[in-house]
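Read the structure below first, then the notes.
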Amino acid sequence: MSETRPRKTYDPTSLEHRWQERWTESGLYETDEDTDKPKHYALTMLPYPSGDLHVGHWYAMTPSDTHARFMRMSGYRVFFPIGFDAFGLPAENAAINRGIHPYKWTISNIENMRGQLEQMGAMFDRSSEVVTCTPEYYRWNQWFFLKFLEKGLAYRKEAPVDWCPKDNTTLAREQVVGPDRVCERCGTPVIKKNLAQWLFRITDYAEELLDFSKIEWPERVKTLQTNWIGRSEGAEIVFEVPGYGPLEVFTTRPDTLFGATFFVMSPEHPAVAKITTPEQSEAVTEYVEKAGRMTEIDRTDVTREKTGVFTGAYAINPANGQDIPIYAADYVLMGYGTGAIMAVPGQDQRDWDFATKYDLPIIRTVQPPEDFDGEAYVGEGPAINSDFLDGLEIEEAKQRMIEALEEKGAGESTVTYRLRDWLISRQRYWGTPIPIIYCPEHGPVPVPEEDLPVLLPEDAEFTPTGESPLKLHEGFRNVECPICGGPAERETDTMDTFMDSSWYQYRYLSPHYDEGPFDPERGAKWLPVDQYTGGIEHAVMHLLYTRFFTKVMRDLGLVDFDEPMLKLFNQGIILGEDAEKMSKSRGNVVNPQDLVERYGSDALRCFLMFIGPWDQGGPWDGRGIEGVARFLRRALSLTATGDATGADADPAELPSRTARTTKKVTEDLAAFRFNTAIAGLMEHTNYLLAVRDDVDEGSWNDALRTFARLLAPLAPHHAEEMWAAVGEPYSVHEQAWPGYDESLIAEKEITLIIQVNGKVRDRIEAPADISEDTAKELALASEKIHPHLVGKQIRKSIYVPGRLVNLVVG
RNA sequence: GCGAGAGUGGUGGAAUGGUAGACACGCUAGAUUUAGGAUCUAGUGCCUCACGGCGUGCGGGUUCAAGUCCCGCCUCUCGCACCA
């Protein structure tokens with residue numbers, strides 16, 4: 001075996017091309033519909049068609065593909081679709097900046113990306129592709145909207161909304177980010193604007209959305225969603241305002257009611273003007289106007305000194321009948337609770353700060369510990385200064401207070417959420433038209449189902465004016481009322497694109513089905529999604545909306561389960577080589593097409609999986625990919641003759657090492673530990689190369705057949721090449737995943753570690769089934785330990801079977 | 001401030017409470033080559049000529065044995081943030 005370098009002409013790109021063509025010709029990735037097998041619906045978040053697949057797409061999709069391939073070989077019928085999230089702002093911006101129609105821009109990007117997806121060598125079932133900007137897709141967005149409306153889950157409301165002055169559009173609360181409250185997309189500070197908007201009642205499902213018991217999702221996502229929903233248990237308490245009427249507050253600390261020494265309303269609270277006394281009118285009006293003019297940034301600055309103004313009015317504390325002054329202050333937010341609070345300075349630092357500044361009384365209602373030297377006290381302790389609550393601990397005091405309030409009809413226990421309803425209206429062109437017609441006679445009238453889809457007109461003027469572009473399209477806008485036939489106007493807003501991604505996993509099942517959003521027969525065969533993968537950035541938007549959608553679909557009788565995706569894995573983010581986010585302006589963008597040309601798709605796939613744990617992401621390493629490319633070449637060279645390389649290795653270990661590698665790769669792939677799976681295969685390759693001259697052909701080919709199958713999910717092209725090279729019939733991807741004999745896993749020879757007082761002093765080769773006594777004898781016989789025993793007695797010895805002997809001396 | 005996660009060689013990272021640093025990058029030396037950013041061989045945690053010692057952010061603790069478990073800090077990342 002001295003003939004060397006048989007593959008000097010190794011060219012991964014042409015090798016991969018060849019197999020990709022073969023896969024397409026043979027229909028290898030058409031979905032397996034064999035219902036005798038257990039189903040596995042593997043889903044990766046659908047990409048936005050920005051023009052090119054970047055490394056981030058590869059990082060998201062190729063490990064998902066590897067896992068899906070692993071499941072397929074493990075005996076599942078696997079559905080692994082892909083599509084394009086094709087509505088949204090970038091298309092419209094391209095249109096504005098470059099004069100290309102959003103549709104043309106989007107479609108040409110999609111065509112480009114389809115070809116790039118092909119290069120990836122993924123097992124996507126391309127026949128189920130969904131493009132969300134097509135009428136056959138968005139028609140069902142409109143259909144869902146009508147269903148939501150019927151169910152009372154969609155409503156219209158005039159409300160101040162977050163508005164991005166650059167993008168000229170409404171933003172959902174989730175799309176406003178950071179302490180500066182900027183637009184998620186362009187970084188412009190958002191402003192408030194009053195508009196009539198359509199909303200979905202996601203808050204109706206707040207409680208159920210807090211229940212994660214039916215899904216295996218990362219703790220992180222569950223925590224983010226839980227915090228986002230923000231459930232607070234407490235009480236609503238009614239304060240009578242003489243001369244006006246009742247005002248309600250929400251509090252999580254009803255036990256502190258006796259310490260409520262003043263009352264604060266948000267400046268936006270509609271009752272502020274009504275309760276204000278004539279003497280205070282001027283001051284209050286001035287304050288409210290000032291608060292309204294403040295930017296969100298200033299308004300929400302926690303370090304700012306508290307400000308407020310006395311309204312001249314008083315509220316009656318229902319616990320003790322005392323009059324307490326009512327202030328308007330901007331530290332109370334209109335958007336949470338009732339927009340008014342009872343202020344308890346003794347137990348709340350914000351109220352303490354306010355009370356100190358405006359010289360208001362402070363009464364402690366919880367006894368702080370002796371050594372407490374802070375201001376407001378929020379810890380545990382017995383109630384004081386609280387009449388019938390005195391001496392009770394907080395939890396019990398809360399209960400008793402609520403009971404007392406309920407008796408008087410002055411309050412009740414209640415739950416408040418931070419979650420707001422989902423605002424879906426967008427004043428943009430490139431989205432799904434909202435199927436509503438406004439009739440002067442009949443008000444907002446839903447477009448009849450049989451008239452769907454309401455087509456998005458192609459010839460719209462989409463330059464942003466602050467108005468919905470469709471408003472300027474007379475042909476679209478002017479219609480007849482579906483009820484009376486009189487002249488009416490269409491809704492000219494379009495839907496938030498999160499609508500599209502809330503149910504796309506269902507559409508994949510039957511992308512051209514026209515009797516409903518999806519074919520229920522297909523649904524019964526495949527739903528719900530078993531494994532979802534995607535970025536953590538969608539933790540509180542997309543992932544909450546799609547859960548909400550599924551629960552509504554369940555209540556509409558469309559599905560019979562509660563959660564859309566049973567398992568979720570969040571991959572990390574690939575950064576540039578400088579460890580910064582990849583961006584054109586930084587010049588640190590890594591182009592996968594260049595890498596594929598140079599190293600091949602398998603090398604790029606494997607490198608991205610090898611770089612570290614998948615959920616961790618990390619900086620790109622331009623040199624690291626060389627190592628993986630080398631590994632693939634070396635692995636492939638196993639099928640050719642060549643000199644053995646590497647350190648001495650024992651050919652007799654071939655069966656056990658193959659079994660151990662199989663076990664490792666199997667367990668690692670099942671758990672998304674791609675990095676260690678590849679490391680295991682690298683180690684095995686090094687071993688195989690070292691023993692290639694000393695193994696008989698039969699055992700060698702057995703080992704290679706196993707190797708090719710273990711490699712198949714990770715490097716599908718190279719595995720195919722190997723499989724063919726050992727003379728096996730096409731295709732390795734249709735083979736069963738290799739099993740392994742547990743009895744081969746166990747080592748026969750072990751390195752027995754000899755420790756003295758827990759420190760390693762010697763290593764001795766020994767049979768694995770060595771007895772405790774023999775092991776200890778061996779230990780004592782070791783010359784290396786003798787110096788450590790001089791003048792000492794062995795007090796104890798510990799034997800860990802198959803591992804070590806620890807001699808405790810002293 | 002609140003919540004979550006993470007700190008291991010020059011680098012990315014491995015390690016059911018039981019040989020710390022697998023695997024890979026990089027580096028050093030050598031072989032081969034007209035040459036190579038190709039391939040192969042040997043080495044590579046730190047200190048020390050060596051014996052040996054020291055090593056998983058810091059300080060304690062539990063244990064025969066701690067990167068791993070417990071307590072207290074420090075640092076970094078992410079999320080939320082005047083949410084009553």
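Just the heavy atoms: all of them, side chains too, but no hydrogens, waters or symmetry mates, feed the values below. Every chain is numbered from 1, with letters handed out A, B, ... down the list of sequences. Bear in mind that the values here come from a model prediction, so they are computed numbers and not experimental data.
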Atom-to-atom span, CG of N806(A) to P of G17(B) - whole angstrom: 18 Å
Contact class for R763(A) (heavy atom, under 4.0 Å): base, sugar-phosphate, or nothing? base
Between U39(B), A22(B), U19(B), spot the one nearest the side chain of E683(A), thanks. A22(B)
In whole angstroms, the gap separating P of U39(B) from CG of N686(A) amounts to 14 Å
Between E667(A) and R673(A) (salt bridge meaning N to carboxylate O under 4.0 Å), is one present in this structure? no
Nearest-nucleotide comparison on RNA chain B, the residue closer to the 5′ end among K306(A) and H788(A): H788(A)
Contact state string [nucleotides 3-13 of chain B, B base, S sugar-phosphate only, - no protein heavy atom under 4.0 Å]: S--------BS
The correct set of residues in residues 792-802 of chain A placing a heavy atom under 4.0 Å from RNA chain B is K796(A), I798(A), V800(A)
Is there a Watson-Crick or G-U wobble partner for G9(B) with both distances under 3.5 Å, and if so, which one is it? none
Honestly, is R605(A) close enough over W58(A), meaning NZ or CZ under 6.0 Å from the six-membered ring centre and within 45° of the axis? no
When both distances are under 3.5 Å in a Watson-Crick or G-U wobble arrangement, the nucleotide paired with G55(B) is none
Which of C40(B), U19(B), A84(B) is nearest the side chain of R803(A)? It is U19(B)
Closest approach to the side chain of R630(A), judged atom by atom: which nucleotide of U19(B), C82(B), C40(B) is it? C40(B)
So what does R673(A) hit on the nucleic acid, given a heavy-atom distance under 4.0 Å: a base, only sugar-phosphate, or nothing? nothing
Whole angstroms only, please: what is the CG-P distance between D762(A) and G52(B)? 11 Å
What is the distance, to the nearest angstrom, from the CH2 atom on W228(A) to the C1' atom on G79(B)? 10 Å
Reading RNA chain B from 5' onward, which residue's closest nucleotide shows up sooner: R634(A) or R598(A)? R598(A)
In short, side chain to side chain donor-acceptor pair (under 3.5 Å) pairs touching residues 259-268 of chain A with sequence neighbours left out are S266(A)-E268(A), E268(A)-R299(A)
